[in-house]
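Numbering of ligands and ligand atoms starts at 1, following listing order.
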Amino acid sequence: MIQHSSSRKPPLALIVNADLPSRLSMTAALAKVDFKVNEAVNGEEAIILFQSDNPDIILIDAHIPEMDGFEICAAIRALPSGKYVQILMITETDDTNAVERAFKAGANDFIAKPLNGVMLGYRGLYLLRAAQTFYTLNSRERRLVKTQKRAQLAYWEFDLTNNIFHCSPEASSLLGLTDNRQLLSYEDFLAPVINQEYMRVKEEINAAIQEKTLFGISYQISLPDKTLRHILNRGEILFDETGNAEIIVGSIQDVTDLKYTEEEIRQRAFYDGLTGLANRMLFMDRLDHELSLAKRKKQHFALLFLDLDQFKRINDTFGHHVGDLLLKNVSEILQRCIRHTDMASRPVSNSSDALLARLGGDEFIILLPDINEPDNAAIVARRILHEITAPQPLEGHEISATTSIGISVFPVDGEKAEVLLKHADSAMYHAKGTGRNNYQFFKESLNVEILERIDLEQNLKRALERDEFLLYYQPQIQLSTRKIIGAEALIRWVHPLKGTISPNTFIPIAKESGLISDINNWVIQTACRHNNKWTQGGFGPIKISVNLSGHQLANQNIIQIIRDALQENDLEAKYLEVEVTESMLTQDNEATVWILQQMKDLGITIALDDFGTGCSSLSDLTTFPLDSIKIDHSFVTKCAKIKSNLLVIKAIIAMGHCMGIKIVAEGIETKEQLNLLKEFGADEGQGYYFSPPVSQDDFVKLLTKGSL
Ligand code: C2E
Ligand code: MG
Ligand code: MG
């Protein structure tokens, strides 16, 4: 209707009045100012004429029989097209309620009788102008709303000074908030932000206030029905003349679809369509990242290059569809294999995860980050070879695959991505050449080393049954008196073919294969038994230190083992000491503190071994219930030569004494070292200067001497 008015000349007025003379005089007055006029005598006629002719203004007499003027006004307003038309109510002079009723019914203005013809004409013109202004504004706003809706933009504003928040209806509906916008606060506005991002969003807006910058933050919100949407919130801060932040104005936009599109593009660009694994591009990117990380942290990592054996034959025999299914299955098996072994093979749990990628065809590659030693890569390779051969039911066929694996290790096999890949690839060809279904390291020496390790591991399993372990003892000396006050028990493995093997070689293997708890058990039992024997022979008892290794001491039932060993050998707890290393302490902090505390409660003492080789953290000294610190022999050996070592040793001793912890110096080899350590105040010492670790019988001879 109103939109017609600009194109329609002259404008159209509708007079609703039951009284003929009034109608005639009003029509005349409006005609004078160029209105065309329609007339209705009651509500029914008025509504019909309104709907058929779209008048620009309506003049309604309040006093009409049956449906009165107010009801007619309300009825027209209730029509879909009646929202915007200008309505003038004509009221009786003495009707004081009429004005209020007129506005309630939706009239724009009112005029009281008696009517003046000239004034009525002008009122008509003013109403027409108001109608046009209203229409222009209204259509502009509707256009804006439409545009914003199309862009899914919605506005918000926060008056910081008066703590008043306002947002457009689009904003509250976008956030799934209540319709009653007056009740919304800034907190309500941020409430739908998902928990993990809430603080970040608040902080970024606060930072924009502090730094007087614009902001653009993307985050996720959770709607009342629990669906998640991605929101882009952009805004700026308005400041007053004194530079204080006054108002934040912002717009929010639902960018969920955009995010999904981005994600889809990313998926296509970086992931393999068939298996969903990373593709070559993503892999190379991660490899570069891993290279710089490993260089910085001086870590090792391995690449395992896999190529399925005779995949072409499977494709040719059973068709590409079955070939594709096999590749999918294989990718799942590989994922399981790296997930399973990953944790066990790595010392530090906060390093990045292993990555599996499909390079194309039947070629896969695995990046194993932060491996302790090449054997960790071999463990994964062996698991893969084993798991992959299990027959897989594919479309009615039982197919079992094998694969050949080539391994390269950073940094020994190369320090650049291409070189490492090339070497893993050629190692894979070597694996094919040696009969397929096996793995090969690029460096031949590593293959030999790994084979030896596997051999050792297998023999180690039988060593306990075959009674091949021995305990050697190294005396511990009180430095002020040079008296033997204890001994450290050090294990030896007498291998039937290879002779004596150092614990440095087999303890790490025992840790990985899980044999360590049996070994710890054996050492505790044997040391206690020997100590009892010496006491029976008239020496001691003296304190014996045993070394404990392995993850999760708590799972090793160690307290019961110690209790039993002490009881069976009738030994007081104070004659047993356990040595733990810093790496053990940092592994499972809470559980370790608990287990050490239980040991203390039993009455045995605890020494921190090899201090100065790990991270030597002061907090270890306060967190754990330690009785002594053993300064590592590498420090002691160099102490006389390097001044900075002297200072470090001096500091460790002072610090330990402050905390009531005894200091033991390991690896004293010369008189000079001994004198220096004595001077600095070390309490006890051990080392070749006094005696190397010796067999049980020889140790008894030392005990006979009493001091060294
Ligand atoms: P550790 O506990 O720090 O033991 C001290 C090592 O330093 C011993 O080597 C000992 O022979 C050596 N040593 C002693 N005096 C000197 C010296 O003056 N100079 C030099 N350069 N070295 C000296 P060993 O017996 O080969 O043991 C090596 C490591 O193996 C031990 O280091 C300990 O961590 C581990 N280990 C030894 N026995 C056991 C055991 O029964 N159980 C466990 N879990 N680990 C053990
Ligand atoms: Mg030790
Ligand atoms: Mg040590």
Side-chain angles (χ1 to χ4, degrees), residues 460 463-464 468-477 479 486-494 499-530 543-553 556 558 561-562 565 576-585 605-614 616 626-641 652 663-674 677 682 684-696 698-699 702 708:
L460 195 56
L464 268 175
E468 289 171 358
F469 290 121
L470 276 184
L471 274 191
Y472 268 42
Y473 293 94
Q474 184 173 39
Q476 292 179 325
I477 310 295
L479 295 185
E488 177 174 6
L490 295 156
I491 196 168
R492 301 288 177 263
W493 177 14
V494 189
T500 305
I501 300 176
S502 154
N504 288 327
T505 310
F506 69 84
I507 291 289
I509 301 176
K511 281 202 241 175
E512 261 155 33
S513 59
L515 285 168
I516 192 67
S517 56
D518 288 343
I519 292 181
N520 282 342
N521 191 351
W522 180 86
V523 171
I524 292 168
Q525 300 258 9
T526 312
C528 288
R529 202 178 62 243
H530 286 167
K543 187 165 75 183
I544 301 212
S545 306
V546 294
N547 293 278
L548 289 187
S549 315
H551 308 289
Q552 297 157 341
L553 269 187
Q556 292 187 22
I558 205 90
I561 289 167
I562 292 174
L576 183 66
E577 177 166 79
V578 296
E579 294 189 9
V580 291
T581 56
E582 277 180 291
S583 62
M584 280 169 78
L585 298 189
T605 54
I606 295 158
L608 180 61
D609 204 356
D610 303 342
F611 192 77
T613 53
S616 307
L626 303 172
D627 296 283
S628 53
I629 298 173
K630 299 185 79 177
I631 303 177
D632 189 65
H633 77 82
S634 59
F635 258 112
V636 174
T637 318
K638 290 183 219 145
C639 82
K641 292 185 202 135
I652 296 174
I663 306 295
V664 183
E666 284 192 287
I668 300 177
E669 290 179 346
T670 64
K671 195 172 173 54
E672 193 190 2
Q673 289 166 0
L674 169 65
L677 287 157
E684 294 168 17
Q686 62 184 98
Y688 296 162
Y689 181 71
F690 303 111
S691 162
V694 292
S695 69
Q696 218 220 131
D698 287 344
F699 185 67
L702 294 180
L708 297 170

Problem set entry | Taking every non-hydrogen atom, the tightest pair across Ile524 and Leu548 | CD1-CD2, 4.0 Å
Problem set entry | Protein residues having a heavy atom less than 4.0 Å from any atom of ligand 1 | Gln474, Glu488, Leu490, Ile491, Arg492, Pro503, Asn504, Ile507, Asn520, Val523, Asn547, Ser549, Glu579, Asp609, Asp610, His633, Glu666, Gly667, Ile668, Glu669, Gly687, Tyr688, Pro693
Seminar exercise, completed: What one should report as the nearest heavy-atom pair of Leu708 and Pro475 is CD1-CG, 3.7 Å
Exercise. What are the two closest heavy atoms between Ala665 and Val636, and how far apart are they?
Worked result: CB-CG2, 4.2 Å
Exercise. Using the benzene-type ring in the case of Trp, are the ring centres of His530 and Tyr473 under 6.0 Å apart?
Worked result: yes
Exercise. Parallel, tilted or perpendicular for Trp522 and Phe469, by the 30°/60° rule?
Worked result: tilted
Quick one: side chains of residues 686-694, donor-acceptor pairs under 3.5 Å with protein atoms, not counting sequence neighbours, listed by atom name and distance.
from: Gln686; atom 1: OE1; to: Gln476; atom 2: NE2; distance (Å): 2.8
from: Gln686; atom 1: OE1; to: Lys630; atom 2: NZ; distance (Å): 2.8
from: Gln686; atom 1: NE2; to: Gln474; atom 2: OE1; distance (Å): 2.7
from: Gln686; atom 1: NE2; to: Glu488; atom 2: OE1; distance (Å): 2.9

Problem set entry | Leu464 versus Ile519, closest heavy-atom pair with distance | CD1-N, 4.5 Å
Problem set entry | Name, closest N/O/S atom of Glu488 to the Mg ion (ligand 2) | OE2
Exercise. Between Asp632 (side chain) and Glu666 (backbone), is there a donor-acceptor pair under 3.5 Å?
Worked result: no
For this session: Tell me, please, which residues at least two apart from Glu468 pass salt bridge (charged side-chain N to carboxylate O under 4.0 Å, His left out).
Result: Arg466
Problem set entry | Protein N, O or S atoms under 2.8 Å from the Mg ion (ligand 3) | 4
For this session: Would you indicate whether the side-chain heavy atoms of Thr637 and Gln673 approach each other to under 4.5 Å?
Result: yes
